[in-house]
Structures are given as C-alpha cells and as structure tokens.
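Working notes, beginning with the structure itself.
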Amino acid sequence: MMELRKTLTGRIALTAVATVILLFLALPIVVILVTSFSNNAFAAFPPEAWTLNWYKALFADGSKWPAALSLSALVAALSTVFSLIIGVTAATALVRSELPLRSAVFALVLGPLVIPQIVTALGLFLLFEPAAMLGSPIAIALGHTVLASPIAVLILIATLRGIDERLEDAAASMGAGRLTIARKITFPLAAPGMIAAAIFSFITSFDEFYISQFLSSVDTVTLPVQVYNSLTFEIDPSVTAVSAILIAFAVLALGLVALVRWIGTGRQESLLSVENTVGVAAPGGETV
C-alpha cells in the first residue's frame, strides 16, 4: 500500500513538474500571440487595448512584408524539392543497398547539422560570390538545401527502416522487379515520411537566417532577414503579427505531419493484415 502511495505521489509530482516546465516553455509564445493584438506601438505586454492594425499593416501599400514572404515561400519550395531528391536518393542507398563506407557517407550527409550555421553561410558566400549569384533565389535555395537535406535524410531513413520488408519480399516472390516494388510498394508506404520530410525541409528553409543574410542582396530579402532588419533598424510592431502567423503555421505543419504519419501507419498495418491472410507466394506458386 505504501509503495502504491509512493508511486501515485511520484506520478502526481512528475506531472506537476512537467506541466510547469511546459507552461514555462510555452509562455514566450503566448506573450507573442497576445502582443500581436496590442494597440501599443512599442509592443507592450499586457495590452492596454486590442486591435488588428498590425495584421492589416502587413499587406498595406508600400509594405515590405509581402515581397519578403513570397521570396521565402519560393526559396523554401525550391529547397524542399532539392532536399527531397537528395533525401530519397541518400536514404534508399543507405538503407536498401550494400553501400561501401556506409558510416562515412552517413557522417558526410549529416555533417551540416554539426557544423555551425554561420561557418556554412560564410563558405556558401565565398562559393557564390565569384559566380555573381548573390541575391539569386536559386543560390539561396541551394544554400538552404545544405541544411534541410540532412533532416530529410534522417526522416526518410527512419521511414524506410519502419517499412516491413516482408511486403517487398512478397512482391519480389511474385516476380515484381525493383522498380515495380519501389513504385507500388516502397514509395507509397514511404509517402507519409516523404511528406513529413518535405514539411520539415520547408520549415527549415523558411526560418533560415544566417545563409539568407549572407546570400541575400538589397532587392532579395527573405522573411527572417526582414524580421531582423525591422527589429534592428526600426521599431515595427508588425513583427509581432508576423511572428504570430509563423507560430500558427508551425503548429499547423506539425499537426499535418502527425496526421500523415498516422494515416501511413494504418496503411501499412492494413497491407500486413492482407499479407498474413493471403500468405507469401513462393516461386512454385504455393503460399508459405
């Protein structure tokens, strides 16, 4: 009985501590969301009155925010495409093939996550500056791909390892080739992971500051750089509205990732149940 009380007390204490920590971590986000509706030009908290003026100011005539937002969206979309191409290729090679020096290749792919971002940004600046590509959306997207592609690789490696290889073996036993197996079994089952990799790659590119700062020009300013400029060189309360929109976007993106992965898990379980019911076809036509 005493052990049960201790266990119950420990669970209550752990729940209370975890709740306090989570509330502390979420407090800055709540402050930003509330401040974005304040009528104070200095973004005071708590607000004395409520207004939507800072959201309206984002899209007013002469505002710099729409151009920065559209450029960040374009760069993030390009970086997502590049990251998925690299991620699918690298993850398939690392998981589904006997790649020589696999550990070295894996370390090379994940290297940008270990190197400080400002070092990577400086190296990209020295690479693109002689080619007169500074300010080019393609150059910025390629720079963001250096940071986004390792995340895509990690997600896709976990996805491919989570796919039951019995499904691929069953297709191979029925005479399907590698491309057919990849097109009809592997990639459809990996689709949730690919969508998750695309979402995280997009978010990584969309929020990247150092590479954008080094590779941007006066005419090409991404949203994080514009936020930095607004906080450094002027007092613009619209920054709180931009931050609130980005927070909402991140929450929706994570919710979409959770939904997609839940759907993907259900699809694989349904395929496994069909395989267990029908059996795996042997070369002679019998089932095992």
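These numbers were taken from a predicted model, which means no experiment stands behind them. All values below come from the heavy atoms of this structure, side chains included, with hydrogens, waters and symmetry mates left out.
- In terms of hydrophobic clustering, with Ile, Leu, Val, Met, Phe, Trp and Tyr side chains grouped at heavy-atom distances under 4.5 Å, V119 and L126 are assigned to a common cluster.
- Hydrophobic clustering keeps L124 apart from L113 (ILVMFWY residues linked when any side-chain heavy atoms are closer than 4.5 Å, directly or through intermediates).
- Residue L223 is tested with D207, L71, V242 for a side chain to side chain contact (heavy atoms under 4.5 Å, CB included); the sole match is V242.
- Of the inter-residue distances, the one linking E129 atom CD with L122 atom CG reads 11.5 Å to the nearest 0.5 angstrom.
- Summarising the local packing, OH of Y210 is surrounded by 12 or fewer heavy atoms from other residues, nucleotides or ligands at distances under 6.0 Å.
- Side-chain contact between I245 and L58: present, with at least one pair of heavy atoms (C-beta onward) separated by less than 4.5 Å.
- Across V239 and S230, no two heavy atoms sit closer than the pair CG2-CB, 3.6 Å.
- A 4.5 Å side-chain heavy-atom check between T159 and M194 finds every atom pair outside the cut-off.
- Side-chain N or O atoms of S70 include one that pairs as donor or acceptor with a backbone N or O of A67 at under 3.5 Å.
- Separating the CE atom in M133 from the CD1 atom in I140 is a distance of 10.0 Å, to the nearest 0.5 Å.
- S212 places no side-chain N or O within 3.5 Å of a backbone atom of T222 that could act as its donor or acceptor partner.
- The minimum heavy-atom distance between A253 and I203, with the atom names listed, is CB-CD1, 3.6 Å.
- The two residues F206 and L69 make their nearest non-hydrogen contact at CZ-CD1, 3.6 Å.
- Checked against a 6.0 Å centroid threshold, the rings of F37 and Y55 count as neighbours.
- In the hydrophobic clustering of ILVMFWY residues, with side-chain heavy atoms under 4.5 Å counting as a link, V105 and V95 come out together.
- Closest approach of A244 and S36 over heavy atoms only: CB-OG, 3.8 Å.
- Judged by distance alone, with hydrogens and angles left aside, the side-chain atoms of T145 form a donor-acceptor pair with the main-chain N or O of A141 at under 3.5 Å.
- In this structure, V225 and F214 have side chains that are not in contact, with every pair of non-hydrogen atoms separated by 4.5 Å or more.
- The distance from the CD1 atom of I32 to the CD1 atom of I29 is 9.5 Å, given to the nearest 0.5 Å.
- In this structure, L246 is a member of the same hydrophobic cluster as F59, with clusters built from ILVMFWY side-chain heavy atoms closer than 4.5 Å.
- In this structure the side chain of K64 never reaches within 4.5 angstrom of the side chain of V221, judged on heavy atoms.
- A distance of 4.5 Å separates CD1 of I247 from CG of L33, quoted to the nearest 0.5 Å.
- Counting only N and O atoms by type, the side chains of T220 and S217 include a donor and acceptor under 3.5 Å apart.
- For A197 against L156, the heavy-atom pair with the smallest separation is CB-CG, 4.2 Å.
- For the pair W65 and Q226, the tightest heavy-atom approach, listed with the atom from each and the gap, is CZ3-CG, 3.5 Å.
- At a threshold of 4.5 Å between non-hydrogen side-chain atoms, the residues T19 and F24 do not count as touching.
- Under the 3.5 Å distance criterion, the side-chain polar atoms of T89 are left unmatched by any main-chain donor or acceptor of I86.
- Within the 4.5 Å cutoff, no side-chain heavy atoms of F125 are placed close to those of I211.
- For the atom pair CG of L94 and CD1 of I157, the computed distance is 4.5 Å after rounding to the nearest 0.5 Å.
- Atom CD1 of residue I199 and atom OG1 of residue T80 lie 9.5 Å apart, to the nearest 0.5 angstrom.
- In summary, the side chains of H144 and S201 do not present any donor paired with an acceptor at a separation below 3.5 Å, with no hydrogens or angles considered.
- Panel note: side chain S79, backbone V75; no donor-acceptor pair is recorded below 3.5 Å.
- When hydrophobic clusters are built by joining Ile, Leu, Val, Met, Phe, Trp and Tyr residues whose side-chain heavy atoms come closer than 4.5 Å, directly or via intermediates, I195 is not grouped with V81.
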